[in-house]
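Working notes, structure below.
We name chains A, B, ... by the order of the sequence lines, and we start the count at 1 in each one. This is a predicted model, so every value here is computed, not measured.
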Amino acid sequence: MRRAPIVITATVAGLIAVLEFHTRPAQVNVGTIPAAGSAAASPATTAPSLGSAGSGASPRPSSSSQPPGGTRTAVGPAVNYNYGVLSVTVTVSRTRITKVGIASLDDGGSPRSQMIDQQAIPILEQEALQAQSASIQGVSGASYTSAGFGQSLQAALHQLGMR
Amino acid sequence: MKPRPAAVARQPVPVVHHLENVMGTIVIIDVYAAADGGAGRPAGDLGRQLAEAVAVLHRADATFSTWRPDSPVSRLRRGEITSAQAPAEVAELLEHCAVARDLSGGWFNPWAMPGGLDPSGYVKGWAAQHALSAFSGGGICGVLVNAAGDIASTGGPADGMPFRVGIADPHTPLRLAAIVELTGTIATSGTYERGDHLIDPHSGRPAARAASASVTGPDLGLADALATAVAVAGEPGLDLIGTIEGYEALIIGPDGSRRWTSRFPIAADRTAPHRPWLPSRCY
């Protein structure tokens, strides 16, 4: 009995948010990053590579060689972290970071070793996608807490001329 | 491209989703609007509050970073200045650190780190907590500041709905070990964290008796410090947290086992509907 109003409230809030802020990019843009595969399979000295993080529904520019002010994406080098090797993908619009994700993750050849199907997973959503039914607003403690995440992130931002 | 799961698609959408590159990582600030969409709220108000929150994070980084050679904390570490000569926030933060050290039975101790004073285990949570306090006023249902996995929150994503936060599985990077219905804050520490090693203050050497430890409570600075303490201490750390009013802890052992204090807000079922009687209200 008491649940129905809650659901309606949530839907209305979400709808208003969508209506009023329709220019905000979609949160789950899972796209292919051709360059990420080779980057993740290589040691941490691999040269930074560029790739696309756009989805099929809303294609994004495929490299940082876009006109200034456009949306640009870069993939940082694959670096070691405590459980393997990861690389970070960053999308910026002008000087704002609009998306950060894990471009590749390889935990070292064990059976659960994975490349995330060569998809870029936004950091907020990666575990949500895995958990499927779990509607969550954040994740506490994750690969992106590691020093490796920070290294790959800063390198990707550097490619885009940020800091 | 995989279809987006229906349960995820129905989630409330934040009106502000801001990613800030600060403190060597990404801090995510999400603001969820009340059902009235902020009617009557002055235009630009939210933008100003976001700018203030971001400024708080950068000030904390500039003041407390041990990576920036010119930060007051770095100068303090090198003995170039005394704590009395440092900005007032440094003394304030160190007081908080001393409280956390005592509450944690010494398992969190910024004064016992190799290389000298290192309050980093407190700073990220402290900064996120202060950034959160930049937001106030009508039209906001909830705000969440996620500083690389240390999360400060107020309210929820919709009226009567608490924020739900996953705890990363330390053994399988893309899985969740648990889901928490959050009131306030949660911090998680583990061997995957910055620097890749947790230091045992009692020996000065890397040691972690849990794969990860999560602590919930009203203040993220203290939760951050206590999470570090429990990750180093292991199960005895749980008993310690049980004696601290308002704070709860969950640890994941090296073998994947999970143990938590009696009131840790773990969701019983990942698919369970939100419980309307939880004390989360739009404000």
Side-chain angles (χ1 to χ4, degrees), chain A residues 2-3 6 9-14 16-18 20-21 24 27-28 30-31 55-57 81-84 96-100 105 107 112 114 116 119 121 123-147 149-150 153-154 157 162-163, chain B residues 1-2 4-5 7-8 10-15 17 19-21 24-26 28 30 32-35 37 141 144 146 148-151 157-161 163-168 170 172-176 179-180 186-196 212 214 270-271 273-274 276:
Chain A
R2 293 184 60 194
R3 271 176 204 152
I6 301 298
T9 304
T11 307
V12 170
I16 288 168
V18 169
E20 293 196 342
F21 297 86
R24 199 173 63 81
Q27 289 309 295
V28 179
V30 180
S55 71
Y81 85 115
N82 215 39
Y83 292 100
R96 292 174 66 90
I97 298 169
T98 57
K99 192 166 67 179
V100 175
L105 181 72
D107 65 1
R112 63 168 192 267
Q114 51 197 309
I116 327 180
Q119 290 167 338
I121 313 284
I123 56 175
L124 254 185
E125 310 278 352
Q126 55 176 325
E127 284 87 2
L129 287 168
Q130 293 293 313
Q132 298 292 315
S133 63
S135 59
I136 57 174
Q137 288 81 43
V139 175
S140 184
S143 54
Y144 61 88
T145 312
S146 71
F149 177 88
L153 168 71
Q154 302 306 329
L157 288 169
M162 295 182 61
R163 276 170 266 235
Chain B
M1 181 180 173
K2 288 178 188 170
R4 189 175 185 172
V8 176
R10 281 200 303 271
Q11 279 193 85
V13 177
V15 293
H17 177 65
L19 305 176
E20 188 66 20
N21 176 36
T25 188
I26 290 288
I28 302 163
D30 284 338
Y32 292 80
C141 190
L144 188 142
N146 186 343
D150 293 338
I151 300 173
D159 198 3
M161 189 187 281
F163 281 121
R164 285 161 57 92
V165 167
I167 294 175
T172 309
L174 293 179
R175 295 249 169 78
L176 294 177
I179 290 179
V180 166
I186 183 168
T188 297
S189 291
T191 46
Y192 46 74
E193 81 172 12
R194 197 151 280 288
D196 285 344
S212 82
S214 300
R270 288 183 181 191
T271 59
H274 304 297

Identify the two heavy atoms, one from [X] and one from [Y], that lie closest to each other, and give their separation to 0.1 Å.
X         : Y         : value
Ile179(B) : Ile136(A) : CD1-CG2, 4.0 Å
Thr188(B) : Ser140(A) : OG1-OG, 2.6 Å
Leu19(B)  : Val100(A) : CD1-N, 3.8 Å

Would you give the length of the straight line joining atom CG of Asn21(B) to atom CZ of Arg96(A), rounded to the nearest 0.5 angstrom?
13.0 Å
Enter the distance from Ile151(B):CD1 to Gln137(A):CD here, rounded to the nearest 0.5 Å.
9.5 Å
